[in-house]
Amino acid sequence: MVKFDLVAGLLDANEVLAQNNRGLFEKNKVYVINLMGVPGSGKTTVLEKVIEELKEKITIGVVEGDLYTTKDVERIERLGIPAVQINTEGACHLDAATVKKACSDLPLKDIELLVIENIGNLVCPAEFDLGENAKVMVISVTEGNDKPWKYPLMFRQAKAIIVNKLDLINYTDFDLEKFREDMGCINPGTQIIPVSATSGLGLCELAHWLYSEVKGRDE
């Protein structure tokens with residue numbers, strides 16, 4: 001009997017396409033973020049606020065992943081940012097092939113920072129390389145402290161973790177210091193940036209970190 005590992009085959013094929021994407025991004029000198037997190041964590045709101053902080057300093061483009069709607073890409077377009085929608089029609093993650101297709105509709109040579117907002121879940125997005133420079137997670141304090149140990153791959157791969165909805169922390173049992181301790185075990189090198197996209201708390205620090213990542217390549 002011949003057995004074929006379908007998942008391994010998919011990941012291998014995706015890796016080839018991701019390398020092609022990486023070459024495309026390097027050729028155009030684009031720094032690429034794969035933005036991940038669950039539905040409701042505030043990914044799009046955080047992205048909107050960061051764009052407002054940075055759009056006068058660097059050029060930004062966005063690829064929006066969504067199951068069916070165009071609501072998020074419409075929010076980004078209102079900010080005057082080039083943006084492209086990918087609807088996965090039920091698939092729980094973006095892959096390198098769909099990102100490559102979306103990028104053909106973006107002026108990559110004029111973009112310094114490209115943010116790819118992935119589909120909202122804590123499993124599949126971490127498994128598929130898109131050719132990005134960094135994976136960045138958004139987790140909200142309303143999700144609780146157990147997520148890093150329940151979904152370690154996502155947290156292990158994240159170069160930075162944005163802890164959102166800090167304005168609500170007193171209404172939850174989320175313990176920021178416990179989160180830092182857990183991440184010290186799972187991914188001690190990650191950058192943890194607490195923010196409130198609603199109040200604006202921490203957004204300057206987040207924008208500064210992103211700006212440094214983009215400009216740091218030229219130093």
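The figures here come from the full heavy-atom set of this structure, side chains too, leaving out hydrogens, waters and symmetry mates.
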Trainee: Report the C-alpha separation of H208 and S212 in whole Å, then their side-chain angles, then the decisive distance to 0.1 Å, and conclude whether the side-chain contact (heavy atoms from CB on, under 4.5 Å) test is met.
Mentor: CA-CA 6 Å; H208 178 74; S212 299; 3.8 Å; yes
Trainee: From the options V62, N133, I33, select the one residue that forms a side-chain contact (heavy atoms from CB on, under 4.5 Å) with L113.
Mentor: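 In the set V62, N133, I33, the residue that makes a side-chain contact (heavy atoms from CB on, under 4.5 Å) with L113 is I33.
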Trainee: Considering non-hydrogen atoms only, spot the tightest contact between K49 and A197 and give its length.
Mentor: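 Scanning both residues, the minimum pair turns out to be CE-O, 3.2 Å.
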Trainee: Same cluster or not: are M137 and V46 linked, directly or through other Ile, Leu, Val, Met, Phe, Trp or Tyr residues, by side-chain heavy atoms under 4.5 angstrom apart?
Mentor: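 No; tracing contacts between hydrophobic side chains, which count when under 4.5 Å, never links both residues.
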Trainee: Can you check side-chain contact (heavy atoms from CB on, under 4.5 Å) on R78 and R75, steps first, answer last?
Mentor: CA-CA 5 Å; R78 291 191 196 107; R75 290 168 59 179; 3.5 Å; yes
Trainee: Return yes if a side-chain donor-acceptor contact under 3.5 Å exists between N145 and D175, otherwise no.
Mentor: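 No - no donor-acceptor pair under 3.5 Å links their side chains.
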Trainee: In Å and rounded to the nearest 0.5 Å, what is the CG to OH distance from L206 to Y211?
Mentor: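 Result: 15.0 Å between the selected atoms.
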Trainee: Report the distance from atom NE2 of H93 to atom CD of E127, rounding to the nearest 0.5 Å.
Mentor: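 Separation between the atoms: 8.5 Å.
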Trainee: According to a hydrophobic-cluster definition based on side-chain heavy atoms being under 4.5 Å apart (Ile, Leu, Val, Met, Phe, Trp, Tyr only), do I60 and L35 belong together?
Mentor: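 As far as the 4.5 Å side-chain criterion goes, L35 and I60 are connected within one cluster.
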Trainee: With no hydrogens and no angle check, just 3.5 Å: does a side-chain donor-acceptor pair link D72 and T44?
Mentor: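 The criterion, which ignores hydrogens and geometry beyond distance, is satisfied for T44 and D72.
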Trainee: Could you tell me whether the side chain of S140 and the main chain of K165 form a donor-acceptor pair under 3.5 Å?
Mentor: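 Checking the backbone N and O of K165 against the side chain of S140, no donor-acceptor pair under 3.5 Å is found.
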Trainee: Within the side chain of T190, is there an N or O that forms a donor-acceptor pair under 3.5 Å with the backbone of K159?
Mentor: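 Checked: pair present.
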Trainee: Calculate, to the nearest 0.5 Å, the distance between atoms CD and CD belonging to E74 and E77 respectively.
Mentor: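 CD of E77 is found 7.0 Å from CD of E74.
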Trainee: Would a 4.5 Å heavy-atom cut-off, applied to side chains only, mark I119 and C124 as touching?
Mentor: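 In short, these two side chains do not touch, never coming nearer than 4.5 Å.
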Trainee: Can you tell me if N118 uses its side chain to pair, donor with acceptor, with the backbone of L94 under 3.5 Å?
Mentor: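 Yes, because the side chain of N118 sits within donor-acceptor range (under 3.5 Å) of the backbone of L94.
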Trainee: Treat each ILVMFWY residue as a node, draw an edge where side-chain heavy atoms are under 4.5 Å apart, and state whether V30 and L24 are in one component.
Mentor: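 Hydrophobic grouping puts V30 with L24.
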Trainee: Measure the acute angle between the ring planes of F179 and F174, then classify it against the limits of 30° and 60° as parallel, tilted or perpendicular.
Mentor: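 Answer is tilted, since the angle falls between 30° and 60°.
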Trainee: To check you understand the geometry: which heavy-atom pair defines the closest contact between V63 and A102, and what is its length?
Mentor: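 What the structure gives for the nearest pair is CG1-CB, 4.1 Å.
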Trainee: Can you check side-chain contact (heavy atoms from CB on, under 4.5 Å) on N87 and T70, steps first, answer last?
Mentor: CA-CA 8 Å; N87 285 129; T70 59; 4.3 Å; yes
Trainee: Considering all heavy atoms of both residues, which atom of I76 and which atom of A83 are nearest to each other, and what is their separation?
Mentor: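 Looking at all heavy atoms of both residues, the shortest contact is CG2-CB, 3.9 Å.
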Trainee: Looking at K29, K215, K57, which hits side chain to side chain donor-acceptor pair (under 3.5 Å) with E112?
Mentor: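 Only one option passes, and that is K215.
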Trainee: Are side-chain heavy atoms of L11 and F128 found at a separation under 4.5 Å?
Mentor: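 A side-chain contact under 4.5 Å exists here.
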Trainee: Measuring from S199:OG to L166:CG, what's the distance to the nearest 0.5 Å?
Mentor: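 If I round to the nearest 0.5 Å, the distance is 7.5 Å.
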Trainee: Once rounded to the nearest 0.5 Å, what's the spacing between atom CD1 of I186 and atom CH2 of W149?
Mentor: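 If we round to the nearest 0.5 Å, I186:CD1 and W149:CH2 are 4.0 Å apart.
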Trainee: Work out which heavy atom in Q157 is nearest to a heavy atom in A126; give both atom names and the distance.
Mentor: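 Nearest heavy atoms, Q157 then A126: OE1-O, 2.8 Å.
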Trainee: Closer than 3.5 angstrom, by distance alone: can the side chain of K55 be matched with the main-chain N or O of L79 as a donor-acceptor pair?
Mentor: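 It does hold such a pair.
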Trainee: Is I86 reachable from L106 through a run of I, L, V, M, F, W or Y residues, each pair having side-chain heavy atoms under 4.5 Å apart?
Mentor: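 L106 clusters together with I86.
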Trainee: Would you compute the distance between atom CD1 of I116 and atom NZ of K135 and round it to the nearest 0.5 angstrom?
Mentor: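 If we round to the nearest 0.5 Å, I116:CD1 and K135:NZ are 10.0 Å apart.
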Trainee: Are Y31 and I81 grouped together when hydrophobic residues (ILVMFWY) are joined by side-chain heavy atoms under 4.5 angstrom apart?
Mentor: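 Same cluster.
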Trainee: Is there side-chain contact between V163 and I192, with heavy atoms separated by less than 4.5 Å?
Mentor: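 V163 reaches I192 side chain to side chain.
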Trainee: Quick one: does P107's side chain get under 4.5 Å of T59's, heavy atoms only?
Mentor: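 No, side chains not in contact.
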Trainee: What heavy-atom pair brings N34 and P125 nearest, and what distance separates the two atoms?
Mentor: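 Closest approach of N34 to P125: ND2-O, 4.1 Å.
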Trainee: Using ring-ring contact (aromatic ring centres under 6.0 Å, His included) as the criterion, list what pairs up with Y151, not counting sequence neighbours.
Mentor: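 ring-ring contact (aromatic ring centres under 6.0 Å, His included) list for Y151, sorted by chain: empty.
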Trainee: Has D173 got a side-chain atom pairing as donor or acceptor with G144's backbone, closer than 3.5 angstrom?
Mentor: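 Here the side-chain-to-backbone pair does not exist.
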Trainee: Counting distance only, does the side-chain N/O of N121 pair as donor-acceptor with the main-chain N or O of C92 below 3.5 Å?
Mentor: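 At least one qualifying donor-acceptor pair exists.
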Trainee: Looking only at atom types and distance, does a side-chain atom of N187 sit under 3.5 Å from a main-chain N or O of F155, one as donor and one as acceptor?
Mentor: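 Yes; at least one donor-acceptor contact below 3.5 Å.
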Trainee: What is the minimum heavy-atom distance between L47 and E64, and which atoms define it?
Mentor: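 Looking at all heavy atoms of both residues, the shortest contact is CD2-OE2, 3.9 Å.
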Trainee: Residues sharing V16's hydrophobic cluster, by side-chain heavy-atom contacts under 4.5 Å among ILVMFWY, directly or via others?
Mentor: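 Taking Ile, Leu, Val, Met, Phe, Trp and Tyr as members, V16 stands alone, with no cluster partners.
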Trainee: Check for a donor-acceptor pair, side chain of N21 on one end and backbone N or O of A96 on the other, with a separation under 3.5 Å.
Mentor: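 Judged by distance alone, yes, a pair lies under 3.5 Å.
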Trainee: Between K178 and E181, is the closest basic N to carboxylate O distance under 4.0 Å?
Mentor: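 No, no charged N to carboxylate O under 4.0 Å.
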